[in-house]
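Written out below as structure tokens is the structure these notes cover.
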Amino acid sequence: MEIVIVADYEKVSMLAAQIISEELKKRPNLVLGLATGETPLGTYRELTRLHREEGLDFSGVTTFNLDEYVGFSLDHPSSYNYFMWDTLFNHINVNPSRVNIPKGDASHLDTYCSQYEEKIKQSGGIDIQLLGIGSDGHIAFNEPGSSLASRTRVTALDRQTIADNSRFFSKEEDVPRFAITMGVGTILEAKRILLIASGKKKAGVCAQFIEGPITSQITATALQLHPAVTVVLDVEASSKLKRQDFYRWAMKAREEQFGR
Ligand code: F6R
């Protein structure tokens with residue numbers, strides 16, 4: 001894993017958007033995996049700015065989101081579909097027919113999940129997948145104990161995740177108990193993975209997933225098995241890493257040798 005430590009949330013967002021925009025410029029038909037939550041908001045703001053001010057072109061992009069709450073219709077204000085249109089898609093020139101977000105109110109959920117997987121395959125697979133990390137170490141909604149080979153499916157949310165995500169709802173009881181999520185195995189098939197994290201509250205879990213043993217109890221540790229992962233952290237989120245000195249030294253050496 002390539003570990004990049006930057007000063008603060010703003011810099012995490014700038015760098016993540018820059019990495020995505022470089023991929024997009026190389027490949028105008030990019031298949032882009034996206035996440036929701038608080039962490040990617042700055043990245044989406046910067047991608048919007050790059051589109052508006054620098055003409056970054058999303059017209060050929062296909063997107064796949066990681067997850068959606070079960071039972072929520074597309075227009076539910078707390079749905080991830082609503083979130084994605086509100087924070088990104090309405091502000092860039094993405095083709096709506098190329099946007100894919102799991103449908104929380106699909107009638108046959110198991111069939112629907114297999115179809116979602118099939119659609120990812122038919123698109124040629126995800127070129128770059130943006131991820132955040134939950135305080136329990138989840139990626140997408142792969143809660144502790146999820147198989148590291150899991151595929152897109154319906155899963156129960158952990159109590160910790162329900163408590164964490166209650167900030168997006170008027171009360172905790174309104175947070176759905178189930179979600180559709182890409183599996184860990186699905187995520188590991190992306191060609192490149194970009195995980196972003198910021199703030200002290202993520203420091204413990206970042207140290208565990210980057211430097212701890214691989215375990216289904218912290219599903220983000222499965223990323224250690226992927227050959228092309230970039231982790232962008234701010235100083236606070238990196239504060240419990242044991243090998244900080246090495247990551248900083250390697251960053252500096254990369255900059256000197258390759259310009260980044
Ligand atoms: C969201 C998702 C989750 C979040 C994680 C962190 O689509 O898949 O895994 O990335 O819960 O959320 P924030 O960024 O709100 O801390």
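Numbering of ligands and ligand atoms starts at 1, following listing order. Just so you know, these numbers come straight off a predicted model, no measurement behind them.
- For the 3.5 Å distance criterion, the side chains of Asn81 and Ser79 fail to qualify, holding no donor opposite an acceptor.
- The nearest heavy-atom contact from the protein to atom 2 (C) of ligand 1 is Asp67 OD2, 3.3 Å.
- Protein heavy atom at the shortest distance from atom 14 (O) of ligand 1 is Thr39 OG1, 2.4 Å.
- Counting only heavy atoms of the protein, atom 1 (C) of ligand 1 lies nearest to Thr36 OG1, 3.1 Å.
- Proximity of Phe72 to Pro176: side-chain heavy atoms (C-beta onward) are separated by under 4.5 Å at one or more points.
- Close contacts between ligand 1 and Leu66 involve ligand atoms 8 (O) [criterion: under 4.0 Å to a heavy atom].
- Looking from atom 11 (O) of ligand 1 to the surrounding protein, the closest heavy atom is His138 NE2, 2.7 Å.
- In this structure, the protein non-hydrogen atom closest to atom 16 (O) of ligand 1 is Lys202 NZ, 2.7 Å.
- With contacts defined as side-chain heavy-atom distances shorter than 4.5 Å, the pair Glu211/Arg243 qualifies.
- With hydrogens left out, the protein atom closest to atom 10 (O) of ligand 1 is Gly132 CA, 3.4 Å, a heavy atom.
- Between Glu256 and Lys252, at least one side-chain nitrogen of the basic residue sits less than 4.0 Å from a carboxylate oxygen of the acidic one, meeting the salt-bridge criterion.
- Of the heavy atoms in Ile133, only backbone atoms (N, CA, C, O) come closer than 4.0 Å to ligand 1.
- A heavy-atom separation below 4.0 Å is found between Arg167 and ligand 1.
- Between Arg177 and Thr155, the side chains place no donor N or O within less than 3.5 Å of an acceptor N or O (distance only, hydrogens not considered).
- Looking only at protein heavy atoms, the nearest one to atom 9 (O) of ligand 1 is Ala140 O, 2.7 Å.
- Between Tyr80 and Phe141, the ring planes are parallel. Angles under 30° get that label, and only those over 60° would be called perpendicular.
- Here the closest heavy-atom approach between residue Asn142 and residue Thr219 is recorded as O-OG1, 2.6 Å.
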